[in-house]
K.L.:
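Below is the structure I would like to discuss, written out as structure tokens.
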Amino acid sequence: MILGVPLLVVAAALLLTAIVVGRRTAEQPRSLVVEYLPPRGARVIEDALLAGREKRAVAAALLDLAVRGRVRVLTETAPKRRRPTIAIEIPQPDALGRDDLVLIDALFASSRGKRRRLSKHRDETAFRVRDLIRTHASQLRRAGLLAADSVAGPVLMQTGMVVLLIAAAVALIAFLAGGLLLGILATAAVALLVAEIVVAARITPRRFTAGATARRTHLDGLRQYMRLAEADRLRTLQSPLGAVGLPAGPEGDAVRLKLHERLLPYAVIFGMEREWTKVIAVDYGALDAEVLAGLGGVAQSAADILNAAGALGDIVDIVDAIGSVVDAAGAAFDAAGLLGGLFDWSP
């Protein structure tokens, strides 16, 4: 009994601390202006880091390559699989920048040439992806946008594990010795500590400088635009602040498709894959063949992504082949969920 109460108090205190730290590190500056374009000169992976969503960075960057026409997203039939697998085709290798090549090599290292398949070697992919994220984080630090990583998450998680082992041992001994009340208190502490470890594991290690505030605020404005209803988005684009000047008819629909397709990687970053893909599908479906032909690469990339969706049923299969990789903080993250549900069109 005497030991049970302190264990419960310590467990509750650790959980509360983890919740508070987690909320503070996850806070995003609020924008008073709705933004409809990414920050000027932005790179998707770095924007994912600045938005505190680095676990989605690589998936967003992969979609960004497709949107920019650097790669085509394709599906291939596999003899031993009921559903197609994903591949990419590189139409013009010379058009790829250094960052593009690094990303492709990280995910598609097991194949070479213009047509490449996702690597099957998950451990090796994990290290390459982790190094890729670390490289971009280092660039942000040199630019004065990131400070040294916080150790709050790992410290809270390790502390929780130590206290968890103690609480579990106390609970076991108490029940074996007939100390029912002590056993119950220790068991309650175990439950709180398990929750604390889960919360602590999700605490981002990234600490942003004051110099990053403007860019992070812009990203929040972009997120707000993407969360608007279609009618509100249209009013934003046609307003004096929007300054897009959408023309009426098919030409305006074409401009909207270009804009919304460009924002697809950011939908992945903000966790809005399902909703935003439906927006693109509606925009694409509103255009006739002549207008689509005039859009060239924009229409081609949209068609490739939507066709892949139709063949796979769910874009989760595109990244599922990557498997579970390791993020820059050393914690496991589920790469299969990065683009999960992007093409789930079910109501």
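All figures in this text were calculated on a predicted structure; none of them were measured in a lab.
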K.L.:
Would you say Y266 and V44 make side-chain contact, with heavy atoms under 4.5 Å?
P.N.:
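Of all side-chain heavy-atom pairs linking V44 with Y266, at least one is under 4.5 Å.
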K.L.:
Any idea which heavy atoms bring P91 and R70 closest together, and the distance?
P.N.:
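It is CD-O, 3.4 Å.
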K.L.:
Is there a donor-acceptor pair closer than 3.5 Å between any side-chain N or O of R207 and the backbone N or O of A147?
P.N.:
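No: the side chain of R207 does not pair with the backbone of A147.
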K.L.:
At their closest point, which heavy atom of M157 faces which heavy atom of A201, and how far apart are they?
P.N.:
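Scanning both residues, the minimum pair turns out to be SD-CB, 3.6 Å.
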K.L.:
Looking at R68 and D100, does any basic side-chain N land under 4.0 Å from a carboxylate oxygen?
P.N.:
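Yes.
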K.L.:
Say you draw a straight line from CD1 of I133 to OG of S138; how long is it, rounded to the nearest 0.5 Å?
P.N.:
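It is 11.0 Å, given to the nearest 0.5 Å.
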K.L.:
Evaluate the salt bridge (charged side-chain N to carboxylate O under 4.0 Å, His left out) criterion for residues D220 and R223: first the C-alpha distance (whole Å), next the side-chain angles of each, then the deciding distance (0.1 Å), finally the verdict.
P.N.:
CA-CA 5 Å; D220 182 70; R223 180 191 61 81; 2.8 Å; yes
K.L.:
Return the minimal non-hydrogen interatomic distance between V190 and A168, and the atom names on each side.
P.N.:
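Closest approach of V190 to A168: CG2-N, 3.7 Å.
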K.L.:
Should D105 and R116 be marked as a salt bridge (charged side-chain N to carboxylate O under 4.0 Å, His left out) after you check the CA-CA gap, both sets of side-chain angles, and the distance that decides it?
P.N.:
CA-CA 10 Å; D105 287 341; R116 303 177 69 169; 3.2 Å; yes
K.L.:
Which word best sums up how the rings of Y225 and H260 line up, parallel for under 30°, tilted for 30 to 60°, or perpendicular for over 60°?
P.N.:
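Ring orientation of Y225 relative to H260: tilted.
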K.L.:
What distance do E196 atom CD and L156 atom CG have between them, rounded to the nearest 0.5 Å?
P.N.:
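So the gap between those two atoms works out to 5.5 Å.
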K.L.:
Report whether L146 and V151 are members of the same hydrophobic cluster (ILVMFWY, side-chain heavy atoms less than 4.5 Å apart, transitive linking).
P.N.:
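Result: no, two separate clusters.
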K.L.:
For the atom pair NE2 (H218) and CG (L50), what is the distance rounded to the nearest 0.5 Å?
P.N.:
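The CG atom of L50 is 12.0 Å from NE2 of H218, to the nearest 0.5 Å.
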K.L.:
Apply the test side-chain contact (heavy atoms from CB on, under 4.5 Å) to residues Q28 and L219: give CA-CA distance (whole Å), side-chain angles for both, the deciding distance (0.1 Å), then the verdict.
P.N.:
CA-CA 9 Å; Q28 181 82 7; L219 288 170; 4.1 Å; yes
K.L.:
Assess R53 against F270: is NZ or CZ under 6.0 Å from the centre of the six-membered ring, and within 45 degrees of the ring's axis?
P.N.:
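Output no; distance or angle outside limits.
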K.L.:
Give the intermediate values and the outcome of side-chain contact (heavy atoms from CB on, under 4.5 Å) for residues D149 and R141.
P.N.:
CA-CA 10 Å; D149 286 350; R141 287 193 188 95; 2.7 Å; yes
K.L.:
Distance from L145 atom CG to L49 atom CG, nearest 0.5 Å?
P.N.:
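Here the interatomic distance stands at 10.5 Å.
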K.L.:
Group every Ile, Leu, Val, Met, Phe, Trp and Tyr by side-chain heavy-atom contacts under 4.5 Å, then state whether L228 and L263 land in the same group.
P.N.:
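Cluster IDs for L228 and L263 match.
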K.L.:
Can you name the closest pair of heavy atoms from V33 and S31 and give their distance?
P.N.:
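Closest approach of V33 to S31: O-OG, 2.6 Å.
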K.L.:
Between H136 and Q139, is any pair of side-chain heavy atoms under 4.5 Å apart?
P.N.:
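Contact flag for H136/Q139 side chains = yes.
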K.L.:
Taking all non-hydrogen atoms of both residues into account, name the closest pair between S150 and A152 and its distance.
P.N.:
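That would be OG-N, 3.1 Å.
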K.L.:
Taking atom CZ of R202 as the centre, report whether more than 12 heavy atoms of other residues, nucleotides or ligands fall under 6.0 Å from it.
P.N.:
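Open.
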K.L.:
In Å and rounded to the nearest 0.5 Å, what is the CG to CZ distance from L132 to R134?
P.N.:
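Rounded to the nearest 0.5 Å, the CG-CZ separation comes out at 12.0 Å.
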K.L.:
Counting only heavy atoms from other residues, nucleotides and ligands, does the tally under 6.0 Å from CG of L176 exceed 12?
P.N.:
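Yes, CG of L176 has more than 12 neighbouring heavy atoms, counting only those of other groups under 6.0 Å.
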K.L.:
Indicate yes or no: at least one non-hydrogen side-chain atom of L222 is less than 4.5 angstrom from one of Y36.
P.N.:
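Heavy-atom side-chain distance check fails, nothing below 4.5 Å.
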K.L.:
Side chain to side chain contact (heavy atoms under 4.5 Å, CB included) with L140: which of E46, R206, R43?
P.N.:
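For L140, the side chain to side chain contact (heavy atoms under 4.5 Å, CB included) test succeeds with only one of E46, R206, R43, which is E46.
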K.L.:
Going through the distances and angles, do L185 and L7 end up as a side-chain contact (heavy atoms from CB on, under 4.5 Å)?
P.N.:
CA-CA 8 Å; L185 292 174; L7 276 176; over 6 Å; no
K.L.:
Please say yes or no: joined through hydrophobic side-chain contacts below 4.5 Å, possibly via intermediate residues, are L172 and L165 part of one cluster?
P.N.:
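Per the 4.5 Å side-chain linkage, L172 and L165 are not co-clustered.
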K.L.:
Does one hydrophobic cluster hold both V162 and V170, with members joined at side-chain heavy-atom distances below 4.5 Å?
P.N.:
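Cluster IDs for V162 and V170 match.
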K.L.:
If you take all heavy atoms of A267 and W276, which pair is closest and at what distance?
P.N.:
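In terms of heavy atoms, the two residues are closest at CB-CB, 3.4 Å.
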K.L.:
For D47 and R56, what are the C-alpha separation, side-chain angles and deciding distance, and is it a salt bridge (charged side-chain N to carboxylate O under 4.0 Å, His left out)?
P.N.:
CA-CA 10 Å; D47 280 346; R56 291 174 165 258; over 6 Å; no
K.L.:
Mind checking the CG-CD spacing from L37 to E35? Nearest 0.5 Å is all I need.
P.N.:
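Between atom CG of L37 and atom CD of E35 there are 8.0 Å.
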K.L.:
Same cluster or not: L192 versus V5, using hydrophobic residues (I, L, V, M, F, W, Y) connected whenever any side-chain heavy atoms lie under 4.5 Å apart?
P.N.:
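Linked within one cluster.
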